[in-house]
Amino acid sequence: MNFNLQFKDIFCKSFLFFTSTYIPLLIYSSVIILFSVKTNSVTQLRIKQEDIPQKISAIRSGYIPVFNPKNLIKDNEKLELYPIGSIPLKKSYYCNEGYGLIKYKTDQFGLRNSSDKWQKVLNQKNIFIIGDSFVHGACVPKNGTLSNLVQKSLKINTLNLGTGGNDPYEYIAILESIIKPIMKKNNKDQKVFLVLFSNDNITFNPRKEILLNKVQPIIKQSLDNLLVPTFKYKSFITKLVENNYPTDKNLIINRIKNKKKEDHRLIKDHPVYQIITIVPIRTKIKYFFKNFKGKDLNNSPSQKAIESLSKICINNCQPSVIYIRNRYQKNSNLIKNNYEEELKQISKKFKVKFYNTEKIVTENANYAPKGEHFSIKGYKNLANLIIGQINKNNNNEDAILKLNR
């Protein structure tokens, strides 16, 4: 009898402890997951009603997808060079987050610049902006991209060296293959901005480390002073895409349609499963231990990228780092006090100026109508940050963009 009473007592206390602990966590997870489902449903609706029809129309008009280095590296085991952009001089489509499908012609390096921006780069002042999709210009038209906003205000040739999906390894490859050879030949004042996003907080990647050893200068000067890729690089990137991805219009269209059909969820991806197993809580715990176990900054790809920037951008060059926090992490002290603080320490160590975008990420108006990247207003604010720092250094405040234009 006493045993049964003790068992019931233990069971009741355990049950109360479990429910009092689990239920609050369950409620928290439900709010986070349901908000995510709502956001994803808006995205899925946009993809179905806008993205797919617009992409098919673009393909039929002679456009091809943007091929980013991340996927080119992931989908190919053996590479002879490090890719830094898509196929050169091709009509390409990018993305849509409320401004329609973004389309443009890639420059001679497969990046998002007009080709004439590479003219006389070796003989003039330039601003180089390196980064991922935020530098690439996701997903705004040409006049809303960071590089064009900066150039319009400062009247200094500004190069867009960003592609969606890039991480610190791609930043190093760009610094070594493009910026370094330019700095060796140009004695004019140069400015290089390295823009890092919260998802750049990656760990050591053995495969990319090996691939970085294959990085080499990929630029040469044409007879009319235009910087162009070496024949070896142009041939490499063109064959890489053509040999691994469909180039026929019908094949590309079928791939888009089939990808939609194959987009079915695994059990672990289902919202109910994620709520019951309190995935948001477990994710935060994993993040906590990942970032508080004494990470070796010397082995950090982010540190290597900033170190590379500081070594290449010297003498007549001013290096800077800009950090963009994820919009949903704007109020998280945990996120703020880790990667951002690490970047501050690393930048200080290598005597590189560091700037954050805290004022930009706190305003919803700075984000795209139907996506997670900046709106045109948001990119103007980001451009103002760059312009303001350059003007501050030059004691000239007249060139700041007016947001009401």
Side-chain angles (χ1 to χ4, degrees), residues 68-74 76 79 81-86 109-111 128-138 146 159-180 183 191-218 287 290-291 294-314 317 319-326 329 335-336 338-357 373 382 386:
N68 61 43
K70 176 183 177 180
N71 289 334
L72 292 174
I73 293 170
K74 182 182 70 175
N76 296 275
L79 294 174
L81 294 172
Y82 206 118
I84 58 94
S86 190
F109 294 95
L111 301 169
F128 301 95
I129 309 179
I130 302 170
D132 59 6
S133 51
F134 284 92
V135 174
H136 192 169
L146 185 60
L159 279 299
N160 180 342
L161 303 182
T163 304
N166 279 1
D167 64 39
Y169 283 107
E170 281 73 63
Y171 308 153
I172 297 171
I174 291 168
L175 284 163
E176 295 289 339
S177 62
I178 293 181
I179 301 296
K180 187 174 182 178
M183 294 302 158
K191 294 175 177 61
V192 183
F193 288 86
L194 176 58
V195 181
L196 293 156
F197 185 55
S198 60
N199 64 1
D200 283 323
N201 188 17
I202 60 172
T203 55
F204 182 84
N205 186 317
R207 186 171 172 226
K208 286 191 174 182
E209 289 283 344
I210 294 172
L211 192 54
L212 276 181
N213 293 328
K214 299 180 180 181
V215 171
Q216 56 186 263
I218 62 170
Y287 181 89
K290 174 186 175 184
N291 288 277
K295 184 164 59 175
D296 180 13
L297 294 182
N298 293 320
N299 201 33
S300 160
S302 297
Q303 162 147 322
K304 291 180 180 180
I306 296 174
E307 182 179 9
S308 178
L309 171 65
S310 69
K311 288 181 178 180
I312 291 171
C313 190
I314 56 176
C317 182
S320 300
V321 167
I322 296 176
Y323 175 64
I324 302 176
R325 235 183 293 161
N326 186 299
Q329 298 168 350
I335 301 293
K336 178 178 179 181
N338 271 284
Y339 189 47
E340 184 172 343
E341 291 303 316
E342 288 175 9
L343 294 178
K344 284 182 182 177
Q345 294 176 28
I346 296 168
S347 299
K348 184 177 180 180
K349 175 181 178 180
F350 293 105
K351 299 179 180 179
V352 174
K353 293 183 179 180
F354 177 86
Y355 309 101
N356 66 37
T357 56
H373 293 91
L382 183 56
I386 294 176

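As the structure is a prediction and not an experimental result, all values here were calculated from the model. Numbering of residues begins at 1 and proceeds along the displayed sequence.
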- [ ] Return yes if some donor-acceptor pair links the side-chain N/O of S133 with the main-chain N/O of H136 below 3.5 Å, else return no.
- [x] no
- [ ] Indicate yes or no for a side-chain donor-acceptor contact from N166 to the backbone of G131 under 3.5 Å, with no hydrogens or angles considered.
- [x] yes
Open item on the list: Quick one, D200 and Y171 - any side-chain contact, counting heavy atoms below 4.5 Å?
Closed with: yes
Task: CA sep, side-chain torsions, deciding dist, call: Y82, E176, side chain to side chain donor-acceptor pair (under 3.5 Å) - done: CA-CA 10 Å; Y82 206 118; E176 295 289 339; over 6 Å; no
Task: From CG (N356) to CG (L343), nearest 0.5 Å - done: 10.5 Å
- [ ] Decide yes or no for P168 and I202: does some side-chain heavy atom of the first lie under 4.5 Å from some side-chain heavy atom of the second?
- [x] yes
Task: K214, NZ atom: more than 12 neighbouring heavy atoms under 6.0 Å - done: yes
Task: Check: T357 side chain, Y323 main-chain N or O, donor-acceptor pair, under 3.5 Å - done: yes
Open item on the list: Distance check, rounded to the nearest 0.5 Å: F128 atom CZ versus C313 atom SG?
Closed with: 9.5 Å
TODO: Could you check if a side-chain atom of I346 sits within less than 4.5 angstrom of a side-chain atom of V352, using non-hydrogen atoms only?
DONE: no
Task: Step-by-step salt bridge (Lys or Arg N to Asp or Glu O under 4.0 Å) determination, D132 to K70 - done: CA-CA 10 Å; D132 59 6; K70 176 183 177 180; over 6 Å; no
Task: N/O donor-acceptor pair under 3.5 Å between S310 side chain and E307 backbone - done: yes
Task: side-chain contact (heavy atoms from CB on, under 4.5 Å) between I84 and E170, intermediate numbers included - done: CA-CA 7 Å; I84 58 94; E170 281 73 63; over 6 Å; no
Open item on the list: With a 4.5 Å cut-off on side-chain heavy atoms, are L196 and V321 touching?
Closed with: yes
Task: Nearest-0.5 Å distance, CG of residue L211 to CD1 of residue I172 - done: 11.5 Å
Task: Spacing of CG belonging to L72 relative to OG1 belonging to T163, to within rounding of 0.5 Å - done: 9.5 Å
Task: Nearest heavy atoms of P83 and I73, plus distance in Å - done: CG-CG1, 3.9 Å
Open item on the list: Side chains of Y339 and S302 only: does a donor on one sit below 3.5 Å from an acceptor on the other?
Closed with: yes
Task: Chi angles and distances behind the side-chain contact (heavy atoms from CB on, under 4.5 Å) call for Q303, K349 - done: CA-CA 10 Å; Q303 162 147 322; K349 175 181 178 180; 3.4 Å; yes
- [ ] Measure up the F197 and F134 rings against each other and bin them: parallel (under 30°), tilted (30 to 60°), perpendicular (over 60°).
- [x] tilted
Task: Beyond-backbone contact of I129 with I386, side-chain heavy atoms, under 4.5 angstrom - done: yes
Open item on the list: Looking at every non-hydrogen atom in both residues, tell me the closest pair between I174 and L161 and how far apart they are.
Closed with: CD1-O, 3.4 Å
Open item on the list: As an exercise, state the distance from CG of L194 to CG of L309, rounded to the nearest 0.5 Å.
Closed with: 6.0 Å
Task: Closest contact, heavy atoms only, V192 versus C317 - done: CG2-SG, 3.7 Å
Task: Check against side-chain contact (heavy atoms from CB on, under 4.5 Å), L146 and N160 - done: CA-CA 8 Å; L146 185 60; N160 180 342; over 6 Å; no
Open item on the list: Quick one: does any side-chain atom of S308 pair with a main-chain N or O of K304 as donor and acceptor, under 3.5 Å?
Closed with: no
TODO: Please report the shortest heavy-atom distance between T203 and P301, naming the atom on each side.
DONE: O-CG, 3.6 Å
Open item on the list: Counting C-beta onward and ignoring hydrogens, is there a side-chain heavy-atom pair between I322 and L382 closer than 4.5 Å?
Closed with: yes
- [ ] Let me see the working for F350 and Q345 under side-chain contact (heavy atoms from CB on, under 4.5 Å), right down to the final yes or no.
- [x] CA-CA 9 Å; F350 293 105; Q345 294 176 28; over 6 Å; no
Open item on the list: Quick check for you: to the nearest 0.5 Å, what is the distance between I306 atom CD1 and K348 atom NZ?
Closed with: 14.5 Å
